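Let me begin by presenting the structure, written as structure tokens, before commenting on it.
Bear in mind that the values here come from a model prediction, so they are computed numbers and not experimental data. Chain identifiers are assigned alphabetically (A, B, ...) following the order of the sequence lines, protein sequences preceding nucleic acid strands; residue numbering begins at 1 within each chain. Keep in mind that the numbers below use all heavy atoms, side chains included, and drop hydrogens, waters and symmetry copies.
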Amino acid sequence: MEYNFREIEVKWQQRWKERNAYAVSNDSTKPKCYVLDMFPYPSGAGLHVGHPLGYIASDIYSRYKRLKGFNVLHPMGFDSFGLPAEQYAIETGQHPADTTEKNIATFKSQLDKIGFCYDWDREIRTSDPKYYKWTQWLFLQLFNSYFCNTQQKARPIDELIKKYEGQGSKHFTAADWNGYTKKEQADILMQRRLAFSSFGEVNWCESLGTVLANDEVINGVSERGGFPVVKKKMRQWYLRITAYADRLLQGLETVDFSDSMKDMQRNWIGKSEGAEMEFTIEDAPAKIKVYTTRPDTIFGVDFLVLAPEHELVNDITTKDQREKIDEYLRYVKSRSDRERMAEVKQVTGCFTGAYAVNPFDGKLIPVWIADYVLAGYGTGAIMAVPCGDQRDYTFAKHFNIPVTNTIGGHYNGEEANPTKDAVLENSGFLNGVLMKDAIAIAMDKIDELGIGRRKINYRMRDAGFSRQRYWGEPFPIKWHDGIATPLAEDELPLELPYVKKYSAGPEGEGPLANIADWMGNKFETSTMPGYAGSSWYFLRYMDPNNDAIFCDRKVSDYWNQVDVYIGGTEHAVGHLLYSRMWTKVMYDLGLIGFDEPFRKLVNQGMIQGSSRFVNRVKGTTTFVSAGLVNTGEFEGNTDRIHVDVNIVDGTELNLTAFKKWKNGEFGNAEFILENGKFLTEVETEKMSKSKFNTVNPDELVNKYGADTFRMYEMFLGPVEMSKPWDTKGIEGVHRFLRKLWRLFFDEVKGKVWTNDTPDNAEFKVLHKTIKKIDSDTEQFSYNTAVSAFMISVNELADLKCYKKDILEKILILIAPYAPHVAEELWNSISNTGSVLDAAYPVFDAQYLVEASKDYPVSINGKLRTTISIATAAEEPEVRAQVLANEVVQKWLDGKEPKKIIFVKGKMVNVVI
RNA sequence: GCCCAUGUGGCGGAAUUGGUAGACGCAGCAGACUCAAAAUCUGCCGUUCGCAAGGGCGUGAAGGUUCGAUUCCUUUCGUGGGCACCA
């Protein structure tokens, strides 16, 4: 009987499906465990080997928790709204709904072949009206709420309206409020809503007549067509995530994310404490507000820099400078934020002609504009201190602005020094004060003089929440006379209308603006962004078919937080912050009972592609093996061509397959071999179709089986680590599973397993394995767990152990990793029930007790020998044994050791 | 540029987190079984000196702390991810 994985896997997948083995109940006496993957965007390329990495890890964990007695929720769904489907529609005319449907079918069949334990009855799709009805409903909750600064939480906007009607606000009286027009009232309320509408800048491409994503803009021109792209102000929707900045920071203390992930979120939020100060302008009424975290450097300010988009630029620019400023503004408009930040070496800027007055000493300082200052951060203006800030210094040198030194010897005249440890000089009332101390003194002075105030600043901006696109959730909003009016709950979902064309509307509005019916109803024409649906999907899985509410409160109280969330770091700041914010809002409004969605986060690494290249002699059909490319006549005379990684074995090209590849494009190729082989070059790149480095899991599952595929993906390395995909090692894992099989059945002899009683050596192997697998599985250390299984099976094979008492326990341990083969063997050794619900083996330490240990003995930290010493031995005994050892005596050469270090159970080090 | 991660044999990686560097697997080499092939099994497998015993070197690079450093600190180089309309 041989290991016929194809038959076994199909059989069990069917049986599990028939008896609903993965159905999850919301009603159980068992403890709950919620294991979630970041759901995929169903792209047209299908699943590649990178996708399943995290899915397999979470599947193993789910199955393991189930064996340990938990009621496990492990769902899967699709993030099916998004830009790629729309771009594909523009290119091919196929409707996104159709392509998305097709892609999801492909994804599902691919996922099923790998044998995941999903409860498909709980599947969700963000583009399904039954789902996005609740996305729209939640948007309305955000729209109808404001952030109460006293309570530090979201409250219904009606409470604010009542307050305005009854007592007014800081800025207006109740009588004022009641006298305002509807539009004026709406505008004031809009400034407090958690989902609000305002004006923002977008990438505008005049030639395409559309707004573009940053990804669609390359070096200032559109990716499609290469047309110029400029910034344009348009009405947009935003989420007031900045209101939650502090709570998003505090919440990080309560969750189990990696430190690096928390760092990334903290940096994104970018909280800083400093002062906002006003500089008056000489001969002009304007005042420029700057934000600084270093008010101690105020006497070192040699110029001010405004962001080119700053609203005062126009007002303060002098006649002489007008032309130059306009020219500079045109230049800036063509550059993306990312370019502006990245190209630091290229110093650009322009003098406005205006001078500001230093509020402390009255010194006149020139006002410049430069693109290294971003409008979105702080006040969009900075005070430049060249002796303390390198960018300011570079700018000053480039434009010959004299540098004031306030830090004495700490400044060498050649580069800035951002120290806080200098004693201040040339600094008026701060002279002689240590900079660290001067910060607080300067703050007090600013307060005292009334020229500014202390301020906490955040780098984070409110989140743009509208897209001028078709394939997204419509906003449940109508516009009447400039007032945004929400739809009533019973009008939801507002369904996305079916269209045949996806081109932008007039003035760059979304494609919905082309629909007469839509415009007649005065519906909002933009749609929600990709992250709308993904900001709350983890709640819908709990109660996916509820028509009355997004998720019943009793159900969300039961499942509560996601216990483990698995996904890539690329979502570190976007998706994770948005879903954390939505959760906090829902918590504030009493819709759910917890305010952090994810208790623990596991970051999976990226699987990169391993590209292969062949080298062709220029202008010929002759190909040269990799080792010969830089030799003789070939040097510098070859082109490098991507070749399909699937027709290369390691680095050796399969010549027959190559000739057939791409419908025989290289059919008449000739090859110059080395040592009888044709070798390719290797490079690690992003996995992508165009680089011919994608590997389809289907092919591997067909060839080796799902169990082998699952274990091999885990064996590649730690889940958190990025690594290039290489199919080469999969044979080893397959061999291992066949070896496991042979402990039960022999190809010739048939059944070999027995009911004999195991001996101590066999129990030792088993319990060593239980201990290792249990802790590795709990800690997501799956590569070492696979290795431990291999060691265990190797040892059992060496011991010729075919005993059921040992083997059935091994089957339970391995069931989360290789469920099909485990279930097959479990059933064939006549166990009743399914291995999916077996009781997890319990580790017993008594089998691992040892009488002695081979201690490594080092001389001066270098290993020289090992000595077998009783496990219980203490220092004096060990000392005597070590000194009596031949090798140690040889190294001592008659001398006394200076010191002997003994770490019980670890090692001995003799210092000479 | 800023933020985060990472660097160990020919390759993927391991190392109880300061205590035997290279577990496990791939590839390779040698052998057994076979008419042959596949499958399987056995041995070798960082580098260098040496017949051997044994020694030197070795975790991107350079310093430092320590009895002892892949692990901690400083500096530096390379690679990957993110940077707000890709998801």
Side-chain angles (χ1 to χ4, degrees), chain A residues 2 38-41 43 79 81-84 87 202-203 211-217 236 258-264 266-268 270 337-338 340-345 372 376 390-391 459-469 529-531 534 568-575 577 603 605-606 608 650-651 682 684 686 712 715-718 720-733 735-736 738-739 742 747 775 783-784 786-791 794 854-866 897-901 903 905-912:
Chain A
E2 62 174 25
M38 289 183 184
F39 62 167
Y41 175 80
S43 80
D79 191 10
F81 270 138
L83 184 57
Q87 283 173 328
V202 292
N203 299 313
V211 174
L212 296 175
N214 281 347
D215 268 27
E216 298 174 291
V217 184
Q236 300 289 338
S258 68
D259 287 339
S260 59
M261 178 64 54
K262 290 183 180 182
D263 272 354
M264 272 192 258
R266 286 194 192 104
N267 286 324
W268 179 269
D337 278 8
R338 207 173 297 175
R340 284 168 62 171
M341 284 185 288
E343 289 168 22
V344 176
K345 280 172 196 142
Y372 76 93
Q390 191 56 42
R391 280 177 316 181
R459 182 175 296 115
M460 180 168 70
R461 309 196 289 266
D462 284 326
F465 196 67
S466 50
R467 305 289 183 258
Q468 281 62 51
R469 305 280 177 193
Y531 67 83
S534 62
T569 44
E570 65 272 23
H571 298 284
V573 288
H575 161 63
L577 275 176
N603 285 119
M606 245 201 191
Q608 292 145 332
T651 57
V682 181
T684 300
K686 210 170 179 155
Y712 181 58
F715 192 52
L716 277 178
E720 320 80 63
M721 220 70 88
S722 292
K723 55 232 154 190
W725 177 267
D726 190 347
T727 307
K728 231 174 151 187
I730 198 167
E731 293 275 359
V733 177
R735 273 198 274 262
F736 153 73
R738 284 210 306 267
K739 192 164 183 176
R742 285 200 304 273
E747 257 178 69
S775 76
N783 56 329
T784 54
V786 174
S787 146
F789 279 124
M790 289 172 169
I791 293 168
N794 286 345
D854 283 337
Y855 272 89
V857 177
S858 308
I859 312 287
N860 288 338
K862 270 199 178 299
L863 178 77
R864 295 302 176 187
T865 187
T866 58
K898 275 191 201 144
K899 211 197 263 181
I900 293 183
I901 289 152
V903 183
K906 298 262 186 191
M907 47 63 72
V908 181
N909 188 17
V910 180
V911 186
I912 302 176

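- Among residues two or more places apart in sequence or in another chain, the ring-ring contact (aromatic ring centres under 6.0 Å, His included) test is passed with A:W268 by none.
- Residues that satisfy the side-chain hydrogen bond (donor to acceptor under 3.5 Å, both in side chains) test with A:N860, not counting sequence neighbours, are absent from this structure.
- No engagement by A:E2 is indicated, since no non-hydrogen atom pair under 4.0 Å with the nucleic acid exists.
- Remark: A:R735 is in phosphate contact with B:C26, judged by side-chain N or O atoms under 4.0 Å from OP1 or OP2.
- Between A:R864 and B:U20 there is no side-chain polar atom (N or O) within less than 4.0 angstrom of OP1 or OP2.
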(request) Tell me, with the steps shown, if A:Y41 and A:F81 meet ring-ring contact (aromatic ring centres under 6.0 Å, His included). (result) CA-CA 8 Å; A:Y41 175 80; A:F81 270 138; over 10 Å; no

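- Among residues two or more places apart in sequence or in another chain, the salt bridge (Lys or Arg N to Asp or Glu O under 4.0 Å) test is passed with A:R738 by none.
- Taking CZ of A:R467 as the reference point, atom OH of A:Y531 lies at 5.5 Å (rounded to 0.5 Å).
- One side chain, A:K739 or A:N794, offers a donor N or O that lies under 3.5 Å from an acceptor on the other.
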(request) Do nucleotides 3-13 of chain B as a string where each nucleotide becomes B, S or -: B if the base has a protein heavy atom under 4.0 Å, S if just the sugar-phosphate does, - if no protein is that close. (result) SSSS-----BS

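- For the pair A:I791 CD1 and B:A15 C1', the interatomic distance rounds to 12 Å; values are reported in whole Å.
- Applying the side-chain hydrogen bond (donor to acceptor under 3.5 Å, both in side chains) test to A:S260 and every residue at least two apart in sequence or in another chain returns A:S258.
- The salt bridge (Lys or Arg N to Asp or Glu O under 4.0 Å) test applied to A:D854 returns no partner, not counting sequence neighbours.
- For A:F789, the ring-ring contact (aromatic ring centres under 6.0 Å, His included) partners two or more places apart in sequence, or in a different chain, are A:Y817.
- Whole-Å rounding puts the A:M38 CE to B:G82 P distance at 13 Å.
- Looking at residues two or more places apart in sequence or on another chain, you find a side-chain hydrogen bond (donor to acceptor under 3.5 Å, both in side chains) between A:R469 and A:E216.
- Straight-line distance from the CE atom of A:M790 to the P atom of B:A14: 14 Å, rounded to whole Å.
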Could you write out each protein N or O paired with an N or O of nucleotides 64-71 of chain B at a distance under 3.5 Å?
| residue | atom | partner | partner atom | Å |
| --- | --- | --- | --- | --- |
| B:C67 | O2' | A:N909 | ND2 | 3.4 |
| B:C67 | O2 | A:N909 | ND2 | 2.5 |

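- Both distances falling under 3.5 Å, in either a Watson-Crick or a G-U wobble arrangement, place B:C2 opposite B:G82.
- Counting non-hydrogen atoms under 4.0 angstrom, A:K739 reaches the backbone sugars and phosphates but no base.
- Atom OH in A:Y531 sits about 15 Å away from atom C1' in B:C83, given to the nearest Å.
- A sub-4.0 Å separation between OP1 or OP2 of B:C86 and a side-chain N or O of A:R467 is absent.
- Base pairing annotation: B:C24 forms a Watson-Crick or G-U wobble pair with B:G12, both donor-acceptor distances under 3.5 Å.
- No engagement by A:S258 is indicated, since no non-hydrogen atom pair under 4.0 Å with the nucleic acid exists.
- Here B:G7 sits opposite B:C77 as a Watson-Crick or G-U wobble pair (both hydrogen-bonding atom distances under 3.5 Å).
- Contacts of A:V857 with the nucleic acid, taken as non-hydrogen atoms under 4.0 Å apart, are absent.
- Residue A:H575 contributes atom NE2, which lies 16 Å from atom C1' of B:A84 at whole-angstrom precision.
- Residue contacts shown for A:E731 are absent, as no nucleic acid heavy atom lies under 4.0 Å away.
- At a threshold of 4.0 angstrom between heavy atoms, the contacts of A:S858 with the nucleic acid are absent.
- Nucleotide B:A27 holds its P atom 10 Å from the OH atom of A:Y712, rounded to whole Å.
- For A:R738 and B:C41, the shortest distance from a side-chain N or O to OP1 or OP2 is not below 4.0 Å.
- With a cut-off of 3.5 Å on both pairing distances, the Watson-Crick or G-U wobble partner of B:A30 is B:U42.
- A:V908 comes within 4.0 angstrom of nothing in the nucleic acid, heavy atoms only.
- No contact: A:N603 has no heavy atom under 4.0 Å from any strand.
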